[in-house]
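I have placed the structure first, in the form of C-alpha cells, so that the comments after it can refer back to it.
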Amino acid sequence: MGIKGLTTFMNSNPQLMEEIRLHDTEVVIDGNSLYHFIFYYNQLDFIHGGDYDQFADKIIKFFKLFHCCNIQPYIVFDGGNDANDMKFQTNRKRMKERLEMAMQLAKGYKGNCKVMPIMAFDTFKAVLKEIKIPFAVCDFEADKEIAKLANRLNCPVLSNDSDFYIFPLTPGFIPLDSVCFPEEETRIVNDGLEKFLTARIYHVNKFVDFFPLLGRNVLPLLALLLGNDYVDIQIFKPFYSSIWRYEGDTQFRSIPITDKRTHKVLLWLESLKTYENGISPIKSKALTPQQLETISSALDRTIEVFTFNATDSEFSLFPYFKQDSSAIAKQIRWQKGSMNL
C-alpha cells in the first residue's frame with residue numbers, strides 16, 4: 001500500500017520527525033519494503049538477469065550493520081491478496097505497469113524504468129534463512145500485523161510504506177530512506193565504544209496534535225482522501241472541487257506548492273468540529289449510487305485497516321517470534337528464518 005503524496009508532505013515538515021541513534025533495540029521491518037530498498041539502494045543491475053550473488057552479499061552486509069549496532073530485526077512479508085479483493089484493481093494496474101517497464105527495458109530503453117528481478121524475493125528469503133534472521137509471511141497484507149507486533153514489542157517499524165504514518169504506532173515509525181549507512185560510533189562510559197545508525201523517527205502523536213478535536217480519528221480519513229489502494233482517487237474529484245475554496249495556511253510549517261490537493265484536504269480537516277462531521281460531506285459528493293457504495297466501502301475498509309480493536313488481539317505474530325511456534329503451527333502458514341525448512 002501507500003498514500004499518495006504523504007511521504008513528500010512528511011519530508012517537507014521535518015518538525016514532525018526527530019533524529020535518533022538507532023542501537024540496542026528490536027525493530028520490526030516491512031520485508032517487502034526492505035528487499036526493494038537493499039536492491040535499489042545498492043544500485044544493483046536489474047536488466048541482465050538480476051546479479052543475485054551481489055544482491056545476497058548486500059543483504060548479508062546490511063544485517064551485519066544491524067548486528068554490530070545490537071539491533072534485533074524481525075521481518076514480516078505480505079502474503080496474497082485480501083479475501084475481499086478490494087485491492088484487485090490496484091494490483092492489476094501495478095502488474096500492467098511492471099510489464100510495460102519490462103517491455104521498455106527489453107527494447108533498450110532505461111529512463112526511470114525499474115523492474116525487480118523475478119527471483120529477488122526468493123533470494124532474499126534464502127539469505128535470511130542462511131544467516132538466521134527470523135521472518136514471517138502473512139496470509140494477506142502484512143501492514144496491520146507489523147504495526148500490532150511493533151506495539152507489542154514496544155519497538156519501531158522500519159519501512160518505506162507511507163501507510164505507517166497513519167497507523168497508531170506507539171514506539172514510532174522509521175522510514176528506511178532516513179537511515180544513514182554505514183554505522184557510526186561514539187565513546188561512552190568506561191571508555192567503551194557505542195555503534196549506532198543515525199535515523200529519523202516519526203511518532204503519530206506529533207501529527208494528531210495538529211487536530212486536537214479530531215485526534216487519531218482523522219488519520220484514516222486523511223489516508224482515504226489522499227488516496228490509498230482501496231479506492232481510485234478519481235472518484236473524489238467532485239469532493240476536491242468542493243473544498244478548493246478553502247484558503248489560508250494549515251498549522252503545518254511547509255507544504256510543497258505543487259501539492260495543492262494535500263494542502264486543501266488538510267485545511268478542510270482542520271475546519272471540522274468532529275470526525276463524524278466529515279463523513280457526510282464526502283459521501284454527499286458521490287455522483288451515482290454505485291459511487292456512493294464504492295466510497296462507503298473504501299471508507300469502512302480504510303478505518304478497519306488503520307485502527308485496532310478488541311478482535312485484533314485474537315491473532316498476533318508475537319507468540320511466533322518470541323515463543324515456541326509449534327503451539328500455533330496449525331493456525332498459520334508462516335516461515336521462520338531460524339528453522340531448517
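With S178 contributing its side chain and A199 its backbone, the two residues share no donor-acceptor pair below 3.5 Å. At least one donor-acceptor pair closer than 3.5 Å links the side chain of Q291 to the backbone N or O of L287. When atom types are taken as modelled, the side chain of Y52 and the backbone of M119 share a donor-acceptor pair closer than 3.5 angstrom. Put simply, the side chain of K264 gets close to the backbone of Y246: a donor and an acceptor are under 3.5 Å apart. Proximity of a side-chain donor or acceptor of N160 to a complementary backbone N or O of D177 within less than 3.5 Å is detected. Checking side-chain atoms of N42 against main-chain N and O of L44 turns up no donor-acceptor pair under 3.5 Å. Distance alone, capped at 3.5 Å, is enough to place a donor-acceptor pair between the R261 side chain and the L226 backbone. At least one donor-acceptor pair under 3.5 Å links the side chain of Y202 to the backbone N or O of Y165. No donor-acceptor distance shorter than 3.5 angstrom exists from the side chain of N151 to the backbone of I146, with no hydrogens or angles considered. Judged purely by atom type and a 3.5 angstrom limit, N217 has no side-chain atom pairing as donor or acceptor with the backbone of Y275.
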Check: Does the side chain to side chain contact (heavy atoms under 4.5 Å, CB included) test come out yes or no for V27 and Q72, once each step is laid out?
Finding: CA-CA 6 Å; V27 293; Q72 172 60 58; over 6 Å; no
Notebook entry, point to check: Given the rule in the side chain to side chain contact (heavy atoms under 4.5 Å, CB included) test, do I166 and F207 qualify, once you have shown the distances and angles that lead to the verdict?
Noted result: CA-CA 9 Å; I166 303 297; F207 192 94; over 6 Å; no
Margin query: Assess the residue pair F62 and F181 against the criterion (ring-ring contact (aromatic ring centres under 6.0 Å, His included)); give the C-alpha distance rounded to whole Å, side-chain angles, the decisive distance to 0.1 Å, and a yes or no.
Written below: CA-CA 9 Å; F62 177 89; F181 301 100; 5.7 Å; yes
Item checked: CA sep, side-chain torsions, deciding dist, call: E141, D78, side chain to side chain contact (heavy atoms under 4.5 Å, CB included) -> CA-CA 5 Å; E141 191 162 285; D78 287 334; 3.7 Å; yes
Item checked: Step-by-step side chain to side chain contact (heavy atoms under 4.5 Å, CB included) determination, L213 to L272 -> CA-CA 8 Å; L213 297 176; L272 298 178; over 6 Å; no
Next item on the list: Give the C-alpha distance, both sets of side-chain angles, the deciding distance and a yes or no for salt bridge (Lys or Arg N to Asp or Glu O under 4.0 Å) between E26 and K322.
Entry: CA-CA 12 Å; E26 296 173 309; K322 303 300 286 187; 2.8 Å; yes
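Residues W268 and F239 place their aromatic rings such that the two centres sit under 6.0 Å apart. Residues F135 and F77 bring their aromatic ring centres within 6.0 Å.
Grouping the Ile, Leu, Val, Met, Phe, Trp and Tyr side chains by contacts below 4.5 angstrom, directly or via other members, places L267 with L224. L65 and L176 end up in the same hydrophobic cluster when Ile, Leu, Val, Met, Phe, Trp and Tyr side chains are linked at under 4.5 Å.
Here the options are V157, L153, L158, the test is side-chain contact (heavy atoms from CB on, under 4.5 Å), and the partner is C155; only L153 passes. F37 pairs in a ring-ring contact (aromatic ring centres under 6.0 Å, His included) with only one of the listed residues (Y41, Y40, F39), which is Y41.
Using a 3.5 Å distance cut-off with no hydrogens or angles, the side chains of T198 and E184 do pair a donor with an acceptor. N13 and Q15 share a donor-acceptor pair across their side chains, judged by distance under 3.5 Å alone. Side-chain polar atoms of T274 and N277 form a donor-acceptor pair below 3.5 angstrom. Side-chain contact, Y240 with K260: no donor N or O sits under 3.5 Å from an acceptor N or O.
Atom-to-atom distance recorded for R21:CZ and F196:CZ is 3.5 Å, nearest 0.5 angstrom. Atoms NZ and CD1, from K195 and I71 in turn, are 12.0 Å apart once rounded to the nearest 0.5 Å.
Using a 30° and 60° split on the angle between ring planes, F66 and F63 fall in the perpendicular class, above 60°. Between F167 and F306, the two ring planes are tilted [angle within 30° to 60°]. The aromatic rings of Y35 and F121 are tilted relative to each other, their planes meeting at an angle between 30° and 60°.
Side-chain atoms of S159 and F173, non-hydrogen and from C-beta on, do get closer than 4.5 Å to each other.
Enclosure of atom NZ in K64 is not indicated, since only 12 or fewer non-hydrogen atoms of other residues, nucleotides or ligands lie within 6.0 angstrom.
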